[in-house]
Amino acid sequence: MAGKIILSGLMPLIIILIAGIIYAIISVASGDNLDDLNAVDGARWTLYLQCAVFIASAFAMFAFFERKHGWQMGLNQKQAGHFALQGFFAGILLMTVSAILIWAAGGISWEASNWDQTLIRSLLEGFILFICVALSEEIFTRGYIQGLIKYHYGSTPAIIVSSIIFAFMHSMNPNMFETPFPFINICLAGILFSISRELTGGLWWPIGLHLSWNFFQGYVYGFQVSGMNPGAVVLQVTDNGPVQLSGGEFGAEGSFIASLVLILGIIALYYMYRGKNKSSTLKR
């Protein structure tokens, strides 16, 4: 099983590395200075590529090795739209509470942006981007890895191990280890996503939550998103510090307030959904 997890992660990394080398060679050959390339566009291009290869890796590994065992990745879920909307609004609530508490504690200040075509275009591009991010990370981590571990060892090891792997997947993000809180909070977010996948019986609740959490964090409330710059945003953030409160350059996920909100979210989710999904092993 460990070999399958390693292989599923190595394939996307190798493809991304090769594509990055090809991109750099083409850019240099065409006379572009790599230092002058738009950082936001470059990060967005990289994220789209990551999304595509991680989705492809999850489906390929499942098709070649797991389909015959009978467990499901969680995409073929009844009332998928219903669960996705529930997760989406839960993500808005959790991120809004986090952002307001950070602001109320003095960690940040906000200034509203002017609504123009640049902002509207940025919001649309960001929404599409984070749809892809939510789909890829949930299909790969919660769909394939969590499903694989659950098949062999049960739900609790699957939730814990997949959440740790999810956090390490972000280890190359800027400022990930500036303080302990980014890693802690990505683990907590992974636990929240994983438990929601268990309790609702599919991937659509965590996909909706993942999408709105990222989008509202970056494009509405103006934070960095796991260390990545979102571009034009509704509210422009000024970081007043300290970094443990404001989240620093990692974003709201770098704040201890997000830790508290995520823990409360996990508890609330458990008590809201336990027992509603008959196939869940967490209902008692």
Report the C-alpha separation of Y48 and I128 in whole Å, then their side-chain angles, then the decisive distance to 0.1 Å, and conclude whether the side chain to side chain contact (heavy atoms under 4.5 Å, CB included) test is met.
CA-CA 10 Å; Y48 277 124; I128 293 170; 3.7 Å; yes
Donor-acceptor contact below 3.5 Å, side chain [X] vs main chain [Y]:
X: S163; Y: I159; result: yes
X: W204; Y: L75; result: yes
X: Q244; Y: F256; result: no
X: Y219; Y: P230; result: yes

Taking side-chain hydrogen bond (donor to acceptor under 3.5 Å, both in side chains) as the definition, give me every residue that meets it alongside [X], ordered by chain and number, with sequence neighbours left out.
X: Q224; value: none
X: S113; value: Q236
X: T96; value: Y221
X: S162; value: S194

Tell me which pairs pass salt bridge (Lys or Arg N to Asp or Glu O under 4.0 Å) where either residue lies in [range], with sequence neighbours left out.
range: residues 237-254; value: none
range: residues 128-140; value: E138-R142
range: residues 208-231; value: none

Please name the pair of heavy atoms, one in [X] and one in [Y], separated by the smallest distance, quoted to 0.1 Å.
X: G254; Y: P182; value: CA-CG, 3.9 Å
X: S255; Y: L245; value: OG-O, 2.6 Å
X: G218; Y: V233; value: O-CG1, 3.1 Å
X: L199; Y: L269; value: CD1-O, 3.8 Å
X: I108; Y: V237; value: CG2-CG1, 3.9 Å
X: N240; Y: G106; value: CB-O, 3.3 Å

Set out, in order, the CA-CA distance, both residues' side-chain angles and the distance that settles side chain to side chain contact (heavy atoms under 4.5 Å, CB included) for L123 and W115, then state yes or no.
CA-CA 11 Å; L123 293 176; W115 283 85; 3.6 Å; yes
Would a line drawn from the ring center of F62 to the ring center of W71 be shorter than 6.0 Å?
yes
Quick one, [X] and [Y] - any side-chain contact, counting heavy atoms below 4.5 Å?
X: M11; Y: V53; result: no
X: M61; Y: L7; result: yes
X: L94; Y: L209; result: yes
X: T179; Y: F250; result: no

Distance check, rounded to the nearest 0.5 Å: [X] atom [atom1] versus [Y] atom [atom2]?
X: F223; Y: S98; atom1: CZ; atom2: OG; value: 8.5 Å
X: F193; Y: R197; atom1: CZ; atom2: CZ; value: 14.5 Å
X: F140; Y: I5; atom1: CZ; atom2: CD1; value: 8.5 Å
X: L203; Y: H210; atom1: CG; atom2: NE2; value: 12.0 Å
X: L148; Y: Y153; atom1: CG; atom2: OH; value: 9.0 Å
X: L260; Y: L101; atom1: CG; atom2: CG; value: 9.0 Å

Test salt bridge (Lys or Arg N to Asp or Glu O under 4.0 Å) applied to R67 - qualifying residues, sequence neighbours left out:
none
Restricting to pairs with a member in residues 76-98, which pass ring pair (Phe, Tyr, Trp, His ring centres under 6.0 Å), not counting sequence neighbours?
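Matches after skipping sequence neighbours: none remain.
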When the side chains of residues 167-176 are checked against the rest of the protein, which donor-acceptor pairs come out under 3.5 Å, sequence neighbours left out?
unit_1 : atom_1 : unit_2 : atom_2 : d
H170   : ND1    : F166   : O      : 2.8
S171   : OG     : F168   : O      : 2.7
N173   : ND2    : S226   : O      : 2.9

Once the angle between the rings of F127 and F215 is folded into 0 to 90°, is it parallel (under 30°), tilted (30 to 60°) or perpendicular (over 60°)?
perpendicular
Name all pairs fulfilling the side-chain hydrogen bond (donor to acceptor under 3.5 Å, both in side chains) condition that reach into residues 1-19, sequence neighbours left out, sorted by first residue then second.
K4-E66
side-chain hydrogen bond (donor to acceptor under 3.5 Å, both in side chains) pairs touching residues 49-61, sequence neighbours excluded, are none
Could you go through C51 and L135, starting from their C-alpha distance and side-chain angles, then the distance that decides it, and tell me whether this counts as side chain to side chain contact (heavy atoms under 4.5 Å, CB included)?
CA-CA 8 Å; C51 292; L135 284 169; over 6 Å; no
With clusters defined by side-chain heavy atoms of hydrophobic residues (ILVMFWY) lying less than 4.5 Å apart, directly or transitively, does [Y] cluster with [X]?
X: I186; Y: F177; value: yes
X: V234; Y: W213; value: yes
X: Y271; Y: L264; value: no

Are Q86 and Y273 close enough, and set up right, to give a side-chain hydrogen bond (donor to acceptor under 3.5 Å, both in side chains), and what steps lead you there?
CA-CA 12 Å; Q86 286 185 350; Y273 284 94; 2.4 Å; yes
Applying side chain to side chain contact (heavy atoms under 4.5 Å, CB included) to I139 and Y144, what does each step give before you reach the verdict?
CA-CA 6 Å; I139 288 171; Y144 178 68; over 6 Å; no
